[in-house]
Number of protein chains: 2
Amino acid sequence: MPAPIPASSAGPAESVRRRAGRPTAAILDQEGITTAALKLISNKGYNGLTMAALARSLGVAPSALYNHVASKDDVLLLVEDHLAAMVDVSAFGVEPWDAAVRRWAWSYRDVFSEHTPLIPVIAVLPVADAPKTLAMYEAVTAGFRDAGFPDEMIISAIVALEAFVFGAAYDVNAPEDIFDAGSLAEQVPNLTAAVDRLAAEQHTRPTDVAFSLGLEALITGFGALRG
Amino acid sequence: MPAPIPASSAGPAESVRRRAGRPTAAILDQEGITTAALKLISNKGYNGLTMAALARSLGVAPSALYNHVASKDDVLLLVEDHLAAMVDVSAFGVEPWDAAVRRWAWSYRDVFSEHTPLIPVIAVLPVADAPKTLAMYEAVTAGFRDAGFPDEMIISAIVALEAFVFGAAYDVNAPEDIFDAGSLAEQVPNLTAAVDRLAAEQHTRPTDVAFSLGLEALITGFGALRG
DNA sequence: GATGTAAATGAATGCCATTCATTTACTGGT
DNA sequence: ACCAGTAAATGAATGGCATTCATTTACATC
């Protein structure tokens with residue numbers, strides 16, 4: 001019965017190396033993996049989210065993760081579903097339909113603008129694989145039904161709004177001068193004039209102006225088709 | 001003066017190995033790289049687009065590519081700009097504004113729905129780095145100006161339309177049954193009812209219905225703000 | 001004819017997700 | 001009390017990937 005090996009003096013981060021074999025208490029579960037991934041993303045960005053880094057932040061070997069997730073995409077799915085729960089659907093059934101859509105869409109965009117690498121995953125993800133995401137859709141759909149929209153147009157309207165939200169989430173991360181033509185400005189006079197004029201007028205973020213403009217158009221347009 | 005080594009008999013694909021050193025005539029240029037990349041993408045998809053595969057399809061060593069592009073992202077940028085030239089802006093200045101926007105947006109979505117991995121690149125790409133993309137924006141901007149839109153709203157309107165187009169491009173590639181809740185259907189009755197109703201009514205592709213719905217709302221909404 | 005630059009090869013580098021054999025712990029059945 | 005099966009960890013591969021660098025050769029210019 002050998003005495004436990006003392007920690008090698010360093011810090012709290014430097015833990016004793018675990019020997020091989022199943023530990024007495026499980027170290028990993030999907031929830032822990034999800035929150036560790038979120039912390040890693042928040043600290044190092046999506047480039048810093050590697051299976052090795054994730055394992056290290058959890059104090060395990062990389063291969064241990066595969067006892068709990070099938071792949072890195074699976075980790076992204078867990079993160080996505082966690083974020084979906086943060087989207088604000090609370091206004092549906094409480095505030096008028098247009099105000100609820102507005103709150104939902106702005107919140108949805110804001111949440112995912114920090115997580116654009118998830119968009120290619122979400123956009124083609126069957127909702128059955130993501131329960132919290134599914135709950136979000138249910139709330140939104142119910143809001144549309146209550147507001148008198150015909151069933152056969154609700155999904156299409158949500159899909160259209162969502163497409164706009166995803167695209168706008170990318171736009172939030174675009175550089176402010178993305179439309180500067182630089183040395184080619186003379187060759188694109190109309191674009192340059194419009195860009196200059198926008199810069200002169202605005203005080204709020206250009207990306208927010210564009211989002212508001214599009215969202216209000218969509219809300220108005222859909223509202224006109226309500227039953 | 002040794003005799004030239006005969007080709008190893010195989011086929012036209014099996015060429016003589018080039019010896020090291022600068023060849024008499026340059027083999028690579030950006031245009032060749034771009035068209036080879038497009039062919040590779042079309043045959044093998046974006047997963048098949050690796051620097052090694054690209055080099056092989058051009059009959060060179062991978063490192064040779066780096067004499068002509070700075071990185072793989074640079075290759076994607078070349079591909080993007082090539083595709084931008086395929087987007088139909090011909091209706092601007094010819095047809096009425098709303099019809100021109102409709103043609104542009106549908107064409108834009110159709111082109112990039114086959115190239116969604118480019119969207120994260122485009123969405124934050126300074127236009128000055130992509131001349132054909134820049135030309136597209138100039139044509140669209142000119143169309144808006146001719147139609148009487150105030151300069152300060154044109155960029156915002158284009159950004160909003162583009163966001164919708166990018167999001168919709170992803171949607172084209174989503175599985176048709178993406179909203180099926182599967183075993184969780186009982187827990188999301190509103191969503192399930194709306195999904196079922198849509199399936200019962202539609203004959204055109206759901207993704208096209210949603211795109212049309214959103215696009216018409218945007219066109220109507222923006223049109224109302226024209227000067 | 002020397003010198004610099006451009007365009008190729010080929011070998012290495014480092015990172016990455018993923019797999020597999022192995023070890024150890026717990027649980028349920030007999 | 002034993003045994004079998006399953007679950008969760010380690011640690012050592014594996015193969016693919018973009019990218020870099022030293023080297024070689026060709027061409028253009030002075």
Does a side-chain heavy-atom distance below 4.5 Å link A:L215 with A:L161? yes
For B:L49 and D:dG16, give me the distance from atom CG to atom C1', rounded to whole Å. 14 Å
Rounded to whole Å, the CZ-C1' distance (A:R18 to C:dT22) equals 16 Å
Taking only the side-chain heavy atoms of A:L28 (C-beta and beyond), determine which of D:dA9, D:dC27, C:dT9 contains the nearest atom. D:dA9
Could you state the atom-to-atom distance from CD1 of B:I33 to P of D:dA18 in whole Å? 14 Å
Classify the side chain of A:S63 and the base of D:dG11 as holding, or not holding, a donor-acceptor pair under 3.5 Å. yes
Within the modelled atom types, does a donor on one side and an acceptor on the other bring the side chain of B:N67 and the base of C:dA6 under 3.5 Å apart? no
Applying the side chain to side chain contact (heavy atoms under 4.5 Å, CB included) test to B:I155, which of A:D196, A:V195, A:I178 qualifies? A:V195
Nearest whole angstrom, please: distance from the P of C:dT18 to the NZ of A:K72. 8 Å
So, are A:D171 and A:R205 salt-bridged, with charged N and O less than 4.0 Å apart? no
Residues B:D81, B:K132: salt bridge by 4.0 Å N-O rule: no
Output the rounded distance in Å from CG (B:L54) to P (C:dA8). 13 Å
Would you mind reading off the distance between B:L65 atom CG and D:dT20 atom C1', rounded to a whole angstrom? 14 Å
Can you tell me which nucleotide in C:dA8, C:dC26, C:dT9 comes closest to the side chain of B:A26? C:dA8
Would you say a side-chain N or O of B:H68 is under 4.0 Å from OP1 or OP2 of C:dA8? yes
Please state how far atom CE in A:M51 lies from atom P in C:dT18, giving the value in whole angstrom units. 6 Å
